[in-house]
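Down below is the structure, laid out as structure tokens.
Basis for what follows: all heavy atoms, side chains included, without hydrogens, waters or symmetry-related copies.
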Amino acid sequence: MFCQLCEAFYWLMPQLSDFNRRYPDIEIQLATSTRPITEFSGSFDIALQTNGRPSGSHRLVFTAEDEIFPVCSPAYLKGVTTPLSLNALLNQRLLHHHTDPADWLEWGGWFRAMGHFDIAAAESAVFDSYPLLLQAAVAGHGIALGCHRPIHTPGRTSTRRQRSVIGLAA
């Protein structure tokens with residue numbers, strides 16, 4: 001199996017423990033990368049990567065939408081009235097994740113999707129690693145865009161982990 005590193009870290013690993021318990025005789029060999037599948041020279045039977053990345057001749061079988069939302073340490077917003085409006089969010093330090101190729105919704109695109117078109121005034125920091133970006137948010141360095149991939153198995157009850165989500169006022 002080929003898997004993009006962030007998907008392996010945040011989504012696949014928790015799923016694999018259940019799979020391994022249910023199917024102990026099936027061995028999964030996992031190759032991860034931060035690069036698109038087209039740059040992987042090894043072989044695989046199945047792959048998991050972010051939509052929009054180059055996939056070459058590999059056929060797309062399944063997609064899942066991500067829920068993308070601002071996240072930060074509760075301590076970062078201590079003393080700040082929440083939920084934040086879009087304008088108030090621009091007064092906070094925004095943590096950016098830039099990748100090459102660009103396959104991640106960044107703050108500019110997120111604000112445009114929310115109907116706000118100018119983020120030039122926001123203080124920011126830039127990271128090329130999503131896990132590092134999230135650690136910076138947890139450590140109180142600012143507000144990042146987090147995501148949740150709502151893939152549900154029929155007949156199973158899903159429990160969400162508690163997370164620090166900033167509610168946005170319209």
Side-chain angles (χ1 to χ4, degrees), residues 1-72 94-117 119 124-139 141-166 168:
M1 173 181 235
F2 171 85
C3 191
Q4 192 171 318
L5 184 60
C6 284
E7 276 74 12
F9 190 75
Y10 293 107
W11 183 81
L12 184 61
M13 285 293 102
Q15 307 301 319
L16 277 182
S17 62
D18 182 49
F19 181 87
N20 289 334
R21 190 178 81 267
R22 294 171 63 195
Y23 306 100
D25 296 334
I26 298 176
E27 179 182 331
I28 295 179
Q29 296 179 0
L30 180 62
T32 63
S33 176
T34 58
R35 306 301 304 161
I37 196 172
T38 54
E39 296 180 24
F40 182 68
S41 61
S43 62
F44 57 86
D45 295 312
I46 190 167
L48 178 64
Q49 78 171 4
T50 302
N51 193 22
R53 290 188 124 197
S55 59
S57 63
H58 304 288
R59 188 171 57 93
L60 178 65
V61 176
F62 173 76
T63 62
E65 294 288 324
D66 287 336
E67 295 173 3
I68 299 175
F69 45 85
V71 295
C72 70
L94 303 180
L95 306 178
H96 297 265
H97 177 227
H98 287 295
T99 60
D100 181 33
D103 60 4
W104 174 255
L105 180 64
E106 296 179 8
W107 278 110
W110 187 86
F111 272 99
R112 281 189 296 281
M114 298 295 124
H116 199 288
F117 297 97
I119 68 163
S124 66
V126 178
F127 299 86
D128 67 351
S129 162
Y130 187 68
L132 186 58
L133 170 93
L134 291 182
Q135 282 304 119
V138 167
H141 294 279
I143 302 173
L145 284 175
C147 72
H148 170 68
R149 181 157 293 133
I151 297 175
H152 303 286
T153 305
R156 286 187 70 188
T157 303
S158 173
T159 58
R160 285 190 173 181
R161 292 187 188 132
Q162 184 177 357
R163 58 183 180 235
S164 299
V165 179
I166 300 166
L168 294 175

Any chance you could measure L145, atom CG, to Y130, atom OH, to the nearest 0.5 Å?
8.0 Å
Would you please indicate yes or no on a ring centroid separation below 6.0 angstrom for H58 and F44?
yes
Distance check, rounded to the nearest 0.5 Å: Y23 atom OH versus L16 atom CG?
13.0 Å
Nearest 0.5 angstrom please: E39 CD to I37 CD1, how far?
11.5 Å
For V126 versus H98, what's the shortest heavy-atom pair and its separation?
CG1-CD2, 3.0 Å
Please report the closest heavy-atom contact between C3 and L30, naming both atoms and the distance.
CB-CD1, 3.7 Å
Rounded to the nearest 0.5 Å, the OG atom of S43 sits from the CD atom of Q29 at a distance of 8.5 Å
To check you understand the geometry: which heavy-atom pair defines the closest contact between L95 and F127, and what is its length?
CD2-CE1, 4.0 Å
Atom CG of residue position N20 - does it have more than 12 heavy atoms of other residues, nucleotides or ligands inside 6.0 Å?
yes
Show your reasoning for whether side chain to side chain contact (heavy atoms under 4.5 Å, CB included) applies to F111 and L94.
CA-CA 12 Å; F111 272 99; L94 303 180; 3.9 Å; yes
Interatomic distance, CG@L48 vs CG@L12, rounded to 0.5 Å, equals 6.5 Å
What distance do F2 atom CZ and I46 atom CD1 have between them, rounded to the nearest 0.5 Å?
12.5 Å
State, to 0.1 Å, how close I143 and W107 come at their nearest heavy-atom pair, and which atoms those are.
O-CZ2, 3.4 Å
